[in-house]
Amino acid sequence: MRVRFAPSPTGYLHVGSARTFLFNWLYARHNHGAMVLRLDDTDVERNTEASVQSIFEGLRWLGLDWDEEYRQSERLDLHRKAAEAIFARGLAYRDFTPARAGEDNQSGAQGAWLSNPGMRDLPREESDRRAAAGEPFALRFRVPRGEGRILRFVDAVYGAQSRPADEVEDFALLRSDGNPTYHLASCCDDADLRISHIIRGQDHLTNTFKHLLIFEALGAAAPQFAHLPLLVAPDGAKLSKRKHGPVVSVTTYRDAGFLPQAFVNFLCLLGWSPKNDRDFLALDEIRALFTLEGIHRANAVVNFTEEDPFDAKAVWLNAEHIRALPVEELSRRLEPFFAQAGFHAAPEKIAAVAPLIRERIRLLGEAAAAADFFFVSELAPYDAAELIPLKKGESAGDPALARRVLETAHKVLAETPFEHDALDKALREAAAALGLKAGPMFQPIRVAVCGRKNAPPLFETLMVLGRATCLERIAQAIERLDASPA
RNA sequence: GGCGCUAUCGUCUAGGGGUUAGGACGUGAGAUUCUCAAUCUUAAAACCCGGGUUCGAUUCCCGGUAGCGCUACCA
């Protein structure tokens, strides 16, 4: 059992490509087969080495591996020889018609594949003579006509497919520069590399009939086919960089702080179902559960908007995976995101912070904003009014009360051991002594210490911050209160 | 235009001749907690349309419609 992923390196790794790789990988690993990575770089004009690197980078980030690696550009001899053999067998012919760049024949032209009349039936002597004279030509496959031949294959996802050969155009095998086309190169390599299952996007479903013809001309058995429903944008169009921007690049997800396992989890659910009502899945589980039968046939929409570039389910899955991570690993994942925000802290510090924010972030990229007060030496300015607890329905609180709370807190924190239970007990007792519930007691402290109302649980936060910082910030909060009007 | 593929809540999907059409995300409401988050409960939310087959179709068949794909010397 051998499968392959064959991207053309013309840009970064696309989420659709990533999913195709994933499905191939899952199939290979589930069935103990080989995963082949082949770079289909026959389009010299558009291929770049940078793209090759970004594909590798993306796949490595996903945590998916492969067993063999090839580049089509290094296999051109094979393709040309195959083309010659096909030509020698009379299964292809030279087409001397100049290439028509950008021209389309969607506008009602009947039998567009016959639009180079004469070429198919050009006498061999004339063809040879013109070729010898150096006239450029494309090599076209001579699709059987008028024989009533029906091309058939059974797709593992879409079922039995058939098409009369008469409806297949005489597609090109070789360009006029002598380079193989995708169809030729791809089939040659699939045959040569003994690929047993081709799992690829549904946009190739109709192309498969051409490929059947090529495999036959090559004298090779056709592999099994499984076509995958396409990933589309909310507007229904196939995801594309030009139309949809960076949201189609896996690096965008990575840089925003998706965990690879979460992203893989999200991707696998697009067009495939474990059929067990579960959504949160680890890679091992997915691999164990994966079958081609679980793939369904309709295109899947990846939801995103201008304001919200990530599918809500992807974000939720990421939050779930973040919570499932051991603290040490989460800390390790968080470190670069903190560093990027200018927070360079010791691993122990990050490990102490991580548990406090893990339930409050959905993307690793949100961590810095959620935990800034743990790292900065000086709190960003905040409104003193935040320090003043409000009763329900009240529009203005009592600054004097806030002041009393903070002064009490300062005293309590100066003499209480910075341990969870001790802080809990001491602060609650202080609240009771002031005739306050926990809420109005804790809020001023929280704001004083974090610079904002919404933050992790108070005692844990105080402990991570440490006594000195807490006392200093509470003192500053009191000053702030005094300085503020009203 | 031709050919092909597809069609279940907003989205990802399960299901399948008789079901209260299931789950998840998201959304609303409530509970809970020192805030936020998390968690729990709960609500609203779908079988594209028309024919046929059938005692009975969302499910099977046909047609329509819509979306997508292919129709390149792109892959």
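Proteins get letters first, then strands, A, B, ... in listed order; numbering begins at 1 in each.
- If you take atom C1' in U32(B) and the same atom in C48(B), they sit 43 Å apart, rounded to whole Å.
- G15(B) and A7(B) have their P atoms separated by 13 Å, given to the nearest Å.
- The residue Leu458(A) sits close to a base: some heavy atom pair falls under 4.0 Å.
- Residue-level contact check: Gly271(A) touches the backbone only, with heavy atoms under 4.0 Å from sugar-phosphate atoms and none from bases.
- Taking the centre and axis of the six-membered ring of Phe373(A), the NZ or CZ atom of Arg452(A) falls outside the cone set by 45° and 6.0 Å.
- The side chain of Arg428(A) contributes an N or O atom lying less than 4.0 Å from OP1 or OP2 of C34(B).
- Here the side chain of His14(A) pairs a donor or acceptor atom with the backbone of Leu239(A) at under 3.5 angstrom.
- Closest to the Asp311(A) side chain, of the nucleotides U11(B), U13(B), C73(B), is U11(B).
- Counting distance only, with no hydrogens placed and no angle test, the side-chain atoms of Lys275(A) and the base atoms of A14(B) include no donor-acceptor pair under 3.5 Å.
- Taking a cutoff of 4.0 Å between a charged side-chain nitrogen and a carboxylate oxygen, Glu407(A) and Arg403(A) qualify as a salt bridge.
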Check against ring pair (Phe, Tyr, Trp, His ring centres under 6.0 Å), Tyr182(A) and His204(A): CA-CA 12 Å; Tyr182(A) 160 77; His204(A) 285 299; 5.3 Å; yes
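- Nucleic acid contact class of Pro457(A) (heavy atoms, under 4.0 Å, all strands): base.
- At the phosphate of U13(B), neither OP1 nor OP2 sits under 4.0 Å from any side-chain N or O atom of Arg278(A).
- Residues Val464(A) and Thr461(A) have side chains not in contact (no heavy-atom distance under 4.5 Å, counting atoms from C-beta outward).
- Using a 4.0 Å heavy-atom criterion, one finds that Lys437(A) contacts no nucleic acid atom at all.
- Using a 4.0 Å heavy-atom cutoff across all strands shown, Arg452(A) reaches no nucleic acid atom at all.
- Base-pair partner of C73(B): not found among the strands shown (Watson-Crick or G-U wobble, both distances under 3.5 Å).
- Searching all strands for a Watson-Crick or G-U wobble partner of G28(B) with both distances below 3.5 Å returns U42(B).
- Across all strands shown, Ala455(A) has heavy atoms under 4.0 Å from base atoms, whether or not it also approaches the sugar-phosphate.
- Counting only heavy atoms from C-beta on, Leu230(A) has its side chain closest to C68(B) among C70(B), A38(B), C68(B).
- When both pairing distances are held under 3.5 Å, U33(B) makes no Watson-Crick or G-U pair with any nucleotide shown.
- With hydrogens and angles ignored, the 3.5 Å screen pairs no side-chain donor or acceptor of Arg362(A) with any backbone N or O of Ile322(A).
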Residues Lys210(A), Glu169(A); criterion salt bridge (Lys or Arg N to Asp or Glu O under 4.0 Å); working and verdict: CA-CA 9 Å; Lys210(A) 296 172 196 165; Glu169(A) 65 278 9; 2.8 Å; yes
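- The side chain of Lys313(A) has C25(B) as its nearest neighbour among C34(B), C25(B), U13(B).
- The same atom, P, is picked in U11(B) and in A45(B); the two are 16 Å apart, to the nearest Å.
- Here the nucleotide nearest the side chain of Ser273(A), chosen from G23(B), A14(B), G26(B), is A14(B).
- Between the CG atom of Leu78(A) and the SG atom of Cys188(A) there is a distance of 5.0 Å, given to the nearest 0.5 Å.
- Residue Trp272(A) contributes atom CH2, which lies 10 Å from atom P of A14(B) at whole-angstrom precision.
- If you check U71(B), U35(B), G69(B) against the side chain of Arg446(A), the one that comes closest is U35(B).
- Between Trp272(A) and the options Phe23(A), Phe290(A), Phe266(A), a ring pair (Phe, Tyr, Trp, His ring centres under 6.0 Å) holds for only Phe290(A).
- Within the 4.0 angstrom heavy-atom criterion, no nucleotide atom of any strand lies near Glu386(A).
- Contacts of Pro456(A) with the nucleic acid, taken as non-hydrogen atoms under 4.0 Å apart, include base atoms.
- Contact of Arg163(A) with C3(B) (side chain to base): no donor-acceptor pair of N or O atoms is detected under 3.5 Å.
- Each of Asn303(A) and Phe442(A) was assigned the nucleotide of RNA chain B with the nearest heavy atom; the assignment lying further toward the 5' end belongs to Asn303(A).
- The side chain of Ala438(A) lies closest to C34(B) when the candidates are C34(B), G22(B), U11(B).
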Check against salt bridge (Lys or Arg N to Asp or Glu O under 4.0 Å), Glu84(A) and Lys81(A): CA-CA 5 Å; Glu84(A) 280 169 29; Lys81(A) 286 203 178 88; over 6 Å; no
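- In this structure U53(B) sits in no base pair that meets the Watson-Crick or G-U test at under 3.5 Å.
- When the nucleotides C73(B), C12(B), U35(B) are ranked by their closest atom to the side chain of Arg360(A), U35(B) comes out on top.
- Of the nucleotides present, none pairs with A21(B) by Watson-Crick or G-U wobble criteria with both distances under 3.5 Å.
- Of the candidates C36(B), C73(B), C12(B), the closest approach to any side-chain atom of Leu270(A) belongs to C12(B).
- Summarising the geometry, the separation between CG on Leu289(A) and P on G23(B) is reported as 20 Å, rounded to the nearest angstrom.
- Side-chain N/O atoms of Arg358(A) include none lying less than 4.0 angstrom from OP1 or OP2 on A38(B).
- Taking atom CD of residue Glu293(A) and atom C1' of nucleotide U13(B), one finds them 17 Å apart after rounding to whole Å.
- Using a 4.0 Å heavy-atom distance criterion, Asn207(A) is classed as a base contact.
- Computed from coordinates, the Asn265(A) CG to C25(B) P distance equals 13 Å when rounded to whole Å.
- Rounded to the nearest Å, the gap between the P atom of C55(B) and that of U71(B) is 47 Å.
- A donor-acceptor contact under 3.5 Å is formed by the side chain of Ser176(A) with the base of C73(B).
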Got a list of protein N/O to nucleotides 5-8 of chain B N/O distances below 3.5 Å?
residue, atom, partner, partner atom, Å
C5(B), O2', Gln202(A), NE2, 3.2

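- For the P atoms, the distance from G50(B) to C68(B) is 24 Å, rounded to whole Å.
- A cation-pi contact, defined as under 6.0 Å to the ring centre and within 45° of the axis, links Arg75(A) to Tyr70(A).
- Nucleotide U6(B) has A66(B) as its partner under the Watson-Crick or G-U criteria, with both atom distances under 3.5 Å.
- Straight-line distance between the P atoms of U59(B) and G52(B): roughly 14 Å, to the nearest whole Å.
- Nucleotides U6(B) and U20(B) are separated by 29 Å at their C1' atoms, to the nearest Å.
- C12(B) sits 26 Å from G18(B) when the P atoms are compared, rounded to a whole Å.
- Per the geometry, CG belonging to Leu269(A) stands 16 Å off P belonging to G23(B), to the nearest Å.
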